[in-house]
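First comes the structure, then the notes that go with it.
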Amino acid sequence: MKEKTLKDVHPGIREFYNRAVDFERKENWEFAVSCMLEAVLRVPAFNEARTKLREYEKQFTKKLGGMAPFMSQLQGFLALPKIKKLTSSSPIDAISECEKILALNLNNPPVLQALADAALKADAANIAIEALLILHDYQPDNIPIMRKLAGCYRQDGQAQEALKVYQYLASKNPKDKKIMSELREASAFATQQKAAWEKESLATKGKSVKDDALTIQLAEGTLRDADHARKLITLYTKELAENESDEMRKKLAEAYIVVGNYDEAIKLLELVAEHLPALDPTLDKQIERTYLAKYNLIVDDLRQKAQADPAYAGNLEEAEKFLLEFRIERAERRSQAYPAEAALHYDLGSLYVDAQEYDKAVAELNEASKSPQRRTQSLALLGHCFMDQGKFEEAIKFCEDALSEMVRMDRHKFTVMYDRANSLEALGRNEEALAAFQEIYRNNGRFKDVAAKIQTLGGEV
């Protein structure tokens, strides 16, 4: 949700806000909560109001006595089924329902957890983080809550905050092997993000020095001139001799890649990887790409030889098979090291599809589809996977699920529409297939062989 400030909201909302602040001055917490709640319910992204509301709720909760705490928790328990249902269909409404219950008593752990879940569904990680921090205040020894908080920080791009959470957990549970493993993982991601920030900072400094300009091009991946890269190799080699630095090793490796010295690049990148407390997926992918660049030189040479002499066809097939197996092995290692990362499951599933290992592909893509960020493309690839297997009914279902979430008419959507149309044709549902191909043709008449498909099915183009 896009954050709104006091100046962004309607005058009527500002009136609720100002009245709540007046009640705050009088320490009338019940009415302060009531007024500020109205502002938050009407504009869930009004974070200034939400922050104030939490302050008032904490004060109000402290003063609760008698049966009030029990009754408010009972109301929360009764409301949970409705909240969970709304989280799936309308997460903003679920957030509002949670706010109504928390206004009665902020110390309501099940509702705070439900608020976090709804906020994540609504792409409002800041609200989820706030809810989990409040829950931590009330339940400081709840390890699952802290793990969930760390996950929210990471999803929100706050790798350093996630690391702090795991450092806290490790200090409280130094003998817990799982926590120590998660700490190493969080440390690797924090290091990765810091390096990315440093690269971005370098790329935006805009210095006029020639070597700095070349370094910026290298950081942006736009340096292609081998002579310039050789100058950087000389510069970085000298700096590395004077000051040991893994960041400098990575820069030197990137320069070696530009000049095609893949062996030196691999040596440097693998040394950087050895120094990390846990596998870094981004670095591991860079190492893989460097190996592939090296191996592809061999494959390209074999491909040229096979075109001239069919006797090399077997060698070419064996080399291509080796490359695919190599990529799968690296992707499996990354996915096993970071089982919660949907992108890594998707990457592995894609490779399994290429290798025609369909059962494994389906398992990985189903796992990836649990993430909102990877759901649509996972459904699309599942549709293609089932079509390849001749399971056309399943293919149509997944294609339609993916299409229901695809807004833009781009090549990705055309590909899914094409797979669905082919599956309909394979099932003998020719009228539906014709209509499907015609829809693609209306939007992109040059896409693959849709024109020929339409004519085959008796249509006109």
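Every heavy atom of this structure was used, including side-chain atoms; hydrogens, water molecules and symmetry mates were not. Being a predicted model, the structure only gives us computed values, none of them experimental.
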Look up atom [atom1] in [X] and atom [atom2] in [Y], then write down how far apart they are to the nearest 0.5 Å.
X      : Y      : atom1 : atom2 : answer
His345 : Ser350 : NE2   : OG    : 12.5 Å
Thr415 : Met406 : OG1   : CE    : 8.0 Å
Ser96  : Ile101 : OG    : CD1   : 12.0 Å
Ile127 : Cys152 : CD1   : SG    : 11.5 Å
Leu382 : Met387 : CG    : CE    : 13.0 Å

Any salt bridge linking [X] with [Y]? Criterion: basic side-chain nitrogen under 4.0 Å from a carboxylate oxygen.
X      : Y      : answer
Glu270 : Arg249 : no
Arg334 : Glu341 : no
Arg42  : Glu38  : yes
Asp280 : Lys285 : no
Glu394 : Lys397 : no
Lys250 : Glu247 : yes
Lys164 : Glu161 : yes
Lys413 : Glu405 : no
Glu264 : Lys267 : yes

Min side-chain heavy-atom separation [X]-[Y] under 4.5 Å:
X      : Y      : answer
Phe414 : Met409 : yes
Arg429 : Phe392 : no
Ile145 : Gln113 : yes
Tyr346 : Leu381 : yes
Tyr291 : Phe326 : yes
Lys453 : Tyr418 : yes
Arg420 : Val416 : no
Asn142 : Leu135 : no

Glu254 side chain to Tyr236 side chain, donor-acceptor N/O pair below 3.5 angstrom: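 No, no side-chain donor-acceptor pair sits under 3.5 Å.
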We want to know whether Gln373 and Ser371 form a side-chain donor-acceptor pair, criterion being a heavy-atom distance below 3.5 angstrom.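 There is such a pair between these side chains.
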So Lys305 and Asp301, salt bridge (Lys or Arg N to Asp or Glu O under 4.0 Å) or not? Walk me through it. CA-CA 6 Å; Lys305 289 178 178 177; Asp301 181 58; 3.2 Å; yes
Under 6.0 Å between ring centres, would you say that holds for Phe386 and Phe398?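 They qualify: ring centres under 6.0 Å apart.
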Are Tyr295 and Phe322 close enough that their ring centers fall under 6.0 Å?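 Between Tyr295 and Phe322, the centre distance is under 6.0 Å.
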Could you tell me whether the side chain of [X] and the main chain of [Y] form a donor-acceptor pair under 3.5 Å?
X      : Y      : value
Arg14  : Val9   : yes
Ser335 : Glu332 : no
Arg50  : Ala45  : no
Ser90  : Leu86  : no
Asn366 : Val362 : yes

Minimum heavy-atom distance between Gly76 and Asn108, given as atom pair plus value: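 The pair with the smallest heavy-atom distance is CA-ND2, 4.1 Å.
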Please test Ile396 against Leu427 for side-chain contact (heavy atoms from CB on, under 4.5 Å), starting from the C-alpha separation and ending with a verdict. CA-CA 10 Å; Ile396 291 168; Leu427 289 171; 3.6 Å; yes
Working for side-chain contact (heavy atoms from CB on, under 4.5 Å), residues Glu320 and Arg303: CA-CA 10 Å; Glu320 289 175 336; Arg303 191 170 288 118; 2.9 Å; yes
Would you check, one step at a time, whether the test side-chain contact (heavy atoms from CB on, under 4.5 Å) holds for Tyr441 with Ile454? CA-CA 9 Å; Tyr441 186 82; Ile454 290 170; 3.6 Å; yes
Verdict with reasoning, Arg442 to Glu439, per salt bridge (Lys or Arg N to Asp or Glu O under 4.0 Å): CA-CA 5 Å; Arg442 282 195 297 271; Glu439 184 180 2; 5.1 Å; no
Starting from the C-alpha separation in whole Å, work towards a yes-or-no answer on side-chain contact (heavy atoms from CB on, under 4.5 Å) for Leu268 and Val272. CA-CA 6 Å; Leu268 287 162; Val272 173; 5.7 Å; no
Please test Tyr262 against Asn296 for side-chain hydrogen bond (donor to acceptor under 3.5 Å, both in side chains), starting from the C-alpha separation and ending with a verdict. CA-CA 11 Å; Tyr262 301 119; Asn296 277 325; over 6 Å; no
